[in-house]
Structure formats: C-alpha cells, structure tokens
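Beneath this line is the structure, given in structure tokens, with notes to follow.
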Amino acid sequence: MADIYPAPVDFIDRSDYRLGSEREGLIQLQSNGLFIRQPPKPHELEEDITPEGCLFQTIHMGAPVVDTSRWKLILDGLVERPFSINLRQLRQMPHASVMSFHECYGSPLTDPTKNVWRIGNVEWKGVPLRYLLAIARPDLARGYFVWSDGLDSGTFAGVSADRYQKDLPIEKALSAEALVAYEMNGQPLGKERGGPVRLVVPGWFGTNSTKWLCRLSVQETRSPSPFTTTFYNEIDPTDASGIRKRPVWKVEPNSMIVRPRPEDRFSCPDYVEIWGRAWGAVEIVRVEISTDQGHTWSEASVTPRKQFEWQLFRLQVFIQQSGRHTIQARATDRLGIRQPLSNRRNHVPIVQIQVESK
Ligand SMILES: Nc1nc2c(c(=O)[nH]1)N[C@H]1C(S)=C(S)[C@@H](COP(=O)(O)O)O[C@H]1N2
Ligand SMILES: [Mo]
C-alpha cells in the first residue's frame, strides 16, 4: 500500500496524537438538535451540479462551531504510525476531486420508503483517505474498519452520544474515491456542511460521510456508536426471512423524473420529452420508461458515468391517446440490479400527466 503514493510529506506531527486533543478545536455546539433542510422537488433539481443553497442538509444533534486554527485530525488505532495534522498541513497534501451524487437515506426512525429524494450532485475536493492511511500504515491483518468521529455530540431521538461516529470497511476506506474533504463546489465547506473538514464516501449514503471530522481510527470491529447500531441498520431485502439487518452503506440503483413535472398538461397527438437522473453505488447502464402503468417499457438514452455523478436519461415518447398518463422510470446498474417497482426506498418514481386531444 505504501507505493500508492510517493513518500509522505515530512511535516507530519508524530508526537501529538493524544486522545481527546482532537476535540480542542471545538468552540461550542449550537445545540439545535435535529435539523433538516428539505431538498427541492425532483422537477426543481434542473441543474447538473446542485448549488449549495439547493442542497439538502442533515444534522442530528447540532452543528459545532470550530476554531479552524486549532482544528486537527488524529489518525490512530491499529496503525504502525499514528499521527495528527492541522488544516494547513492537510491543505498541502496531494488532493483529488470527485463529482458525486450526495444522498440522505432519510430518517432512520421511519419506514425507508418515506423521505426519498433528499439528493443533489456536487464536486468535493480533499485528500484521498487512502493517502492518509498509507502514511499511518494500517495493520491489514486485523484492521477491518475505519471509524470516523465528528465534533458534534448530544441527543438524537432520545439517545445520547458523546460524538457522531460511523465506520467504513477498510476496502471502501482504501478506494480511490473516499475523501477527507475541505471544499464543495469550489468553496470551503461551511459550518452546516461539516466544515472545516468532513469525510466523503461517494456511492454510499450521506450518513457515512462524517461531518466536522476530527478523528479516524483503524479498528478490528464495527463501531458501537448509536449511529452504526440503533440507527442506520435496515432490513436486508435479499434475506428471504425478512429478519437479517445490514448497515446503511451502498446506495442501490435509483432514479427520478425531472420532466415532465407532476400534473403537466399536454395535447395529443404529440411528442413528450422525458428526462431525469439515475444514480447508485454502481454505474447505471440502462433506464427504461413506461407511459402505460408499466405494461410496456422503452429504453431511454443514458449518459455514461465518469466518477460518481448522477447520470442523465432522456427519451421522447409519442403520445396518441388523451387522458391521464402514468410515467415511470426504471434504472438498472452494471451488476444487473434493477429498481423494484414498489415498497422499497429506491422503487421506481411515478409522475402523472394530463393529455387532451388537439
Ligand atoms: N458529524 C456528523 N456527520 C454527519 C451527520 C451528523 O449529524 N453529524 N449527518 C449525516 C447524514 S444522515 C447525512 S445524510 C449527511 C448530510 O450531509 P449534508 O448535511 O452535507 O447534506 O451527513 C452525515 N454526516
Ligand atoms: Mo442522512
């Protein structure tokens, strides 16, 4: 692993990774409790790159106010060479940019079919997590997970936590896309966005992208935090008995219709332009459209994916009959996994339109 990158920079502080010191940059916690900035509706998400002001936001316990001059990140646990770095040092390290969809799983307290489409598409910039891990040299024989800590603490849904903590399997932590990010859409991360530094895990649900990051720790087991145990485990739909749970990690293939808008009116016979977005942990290779309640499906064109950005699909359909029409879109990923028709958080979207004879 040490050969992924050139020899690590020499300004790293190997003396001060004293546990607890990573929280000294915290000035105060704005204890507003749960805060959700609701996303625009799918038909309002017209731009390829979602501006900061239109991107949803999820804060469970309150937003920390951080003194950036005292912020630091500790990397410790099952590593040969633990260390800490400050913001200036982080910004001097090799960086990468990743364009990615950013999606919230929805509330971990209710049925996952609710609160869908909390999504946007943004460009993150930061230091690849695997570069930092390469410097620390994890013990790969025992270090199966990377835990990440945020500077926030408090209570969510009646459960107290001394920090927001998540975990990632080491394979995802070592992927090229996982970033320790300090910019979004070319701007430094704002306070609510998780600044000065957050984790970004492209392809996985937003809950894994720890904001106000202060510590990364290589560990043998999953984290015992409420955010990895009580919350953010879901019934595994591939388990026939319907009992087994799985962590909320990968995003399954999904799509949304941007045009037409719900209740748009058209006259027939005429062409109707249908377009929208499709995304998932794995690239989407096919999107099918139905305008007849799912009886027949036609293939839309889909833009290929470069990184983890959402993909555009498009199809013109010729509508001959007047009345109400139900438009559905169904994405399939490179592994052949298709969106379910109903009852899942990623079930196919439906838009209804009204068509009158000319
Ligand atoms: N420290 C911390 N990180 C966090 C959260 C949080 O409450 N605290 N919320 C998570 C959830 S559920 C989501 S969906 C994303 C939301 O990121 P955003 O607010 O930038 O959209 O951050 C994740 N990271
Ligand atoms: Mo979320």
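These figures come from a predicted structure and were not determined experimentally. In each ligand, atom 1 is the first atom listed, and ligand 1 is the first ligand listed.
Ligand 1 has a nitrogen or oxygen under 3.5 angstrom from a nitrogen or oxygen of Arg198. Residue-to-ligand polar distances place Asp152 within reach of ligand 1: an N/O pair is separated by less than 3.5 Å. Of the polar atoms of Tyr105, none of the N or O atoms is found under 3.5 Å from an N or O of ligand 1, judged by distance alone. In terms of polar-atom proximity, defined here as any N/O pair under 3.5 Å, Glu103 makes no such contact with ligand 1. Considering backbone and side-chain N/O atoms, Phe56 comes within less than 3.5 Å of an N/O atom of ligand 1. An N or O contact shorter than 3.5 Å is missing between Trp212 and ligand 1 by distance.
Closest of all the heavy-atom pairs between Val127 and Leu90 is CG2-O, 3.4 Å.
Taking every non-hydrogen atom of Tyr232 and a distance limit under 4.0 Å, the qualifying atoms of ligand 1 come out as 12 (S). For ligand 1, the atoms closer than 4.0 angstrom to any heavy atom of Cys104 are 14 (S). Interface atoms of ligand 1 facing Gln57, defined by a heavy-atom separation under 4.0 Å, are 19 (O), 21 (O).
Within the 4.0 Å heavy-atom criterion, neither part of Met61 lies near ligand 1. Counting heavy atoms under 4.0 Å from ligand 1, residue Phe227 does not touch it at all.
Contact analysis puts Ile59 in contact with ligand 1, with a non-hydrogen atom separation below 4.0 angstrom. Using a 4.0 angstrom heavy-atom cutoff, Arg163 does not count as in contact with ligand 1.
Side-chain atoms of Ser223 and Lys166 include no donor-acceptor pair closer than 3.5 Å.
A cation-pi arrangement, defined by a distance under 6.0 Å to the six-membered ring centre and an angle within 45 degrees of its axis, is present between Arg305 and Phe308.
Ion pairing of Glu299 with Arg330 is absent here, as no side-chain N (NZ or NE/NH1/NH2) approaches a carboxylate O to less than 4.0 Å. For Arg286 and Asp333, the salt-bridge test fails: no basic side-chain N is under 4.0 Å from an acidic carboxylate O. Looking at Glu356 and Arg265, a side-chain N of the basic residue comes within less than 4.0 Å of a carboxylate O on the acidic one, giving a salt bridge.
Applying the side chain to side chain donor-acceptor pair (under 3.5 Å) test to residues at least two apart or on different chains, the pairs with a partner in residues 238-252 are Glu234-Arg246, Asp236-Thr238, Asp236-Arg244, Asp239-Ser241, Arg246-Glu252, Glu252-Arg344.
The line from OG1 of Thr58 to CG of Leu34 is 8.0 Å long, rounded to the nearest 0.5 Å.
Here the heavy atom of the protein found nearest to atom 23 (C) of ligand 1 is Gly206 O, 3.2 Å. Atom 18 (P) of ligand 1 has Arg193 NH1, 3.2 Å as its closest protein atom, hydrogens excluded (heavy atom only). Remark: minimum distance from atom 7 (O) of ligand 1 to any protein heavy atom is reached at His60 ND1, 2.8 Å. Scanning the protein for heavy atoms near atom 10 (C) of ligand 1, the closest one is Tyr164 OH, 3.3 Å. Atom 19 (O) of ligand 1 has its closest protein heavy atom at Lys211 NZ, 2.4 Å. Considering only non-hydrogen protein atoms, atom 11 (C) of ligand 1 sits nearest to Thr207 CA, 3.5 Å. For atom 24 (N) of ligand 1, the closest non-hydrogen atom on the protein side is Ser209 O, 3.0 Å.
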Task: From CA spacing to verdict: salt bridge (Lys or Arg N to Asp or Glu O under 4.0 Å), Glu46, Arg259 - done: CA-CA 9 Å; Glu46 293 159 314; Arg259 286 293 181 278; 2.3 Å; yes
In a table with atom names and distances, give each donor-acceptor pair under 3.5 Å that connects a side chain of residues 149-161 to protein atoms at least two apart or in another chain.
residue	atom	partner	partner atom	Å
Asp149	OD1	Gln165	NE2	2.7
Asp149	OD2	Arg163	NH1	2.7

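Using cut-offs of 30° and 60° on the angle between ring planes, the pair Phe101 and Trp279 is tilted.
Within the 3.5 Å criterion, the main-chain N or O of Gly280 finds no donor-acceptor partner in the side chain of Asn254.
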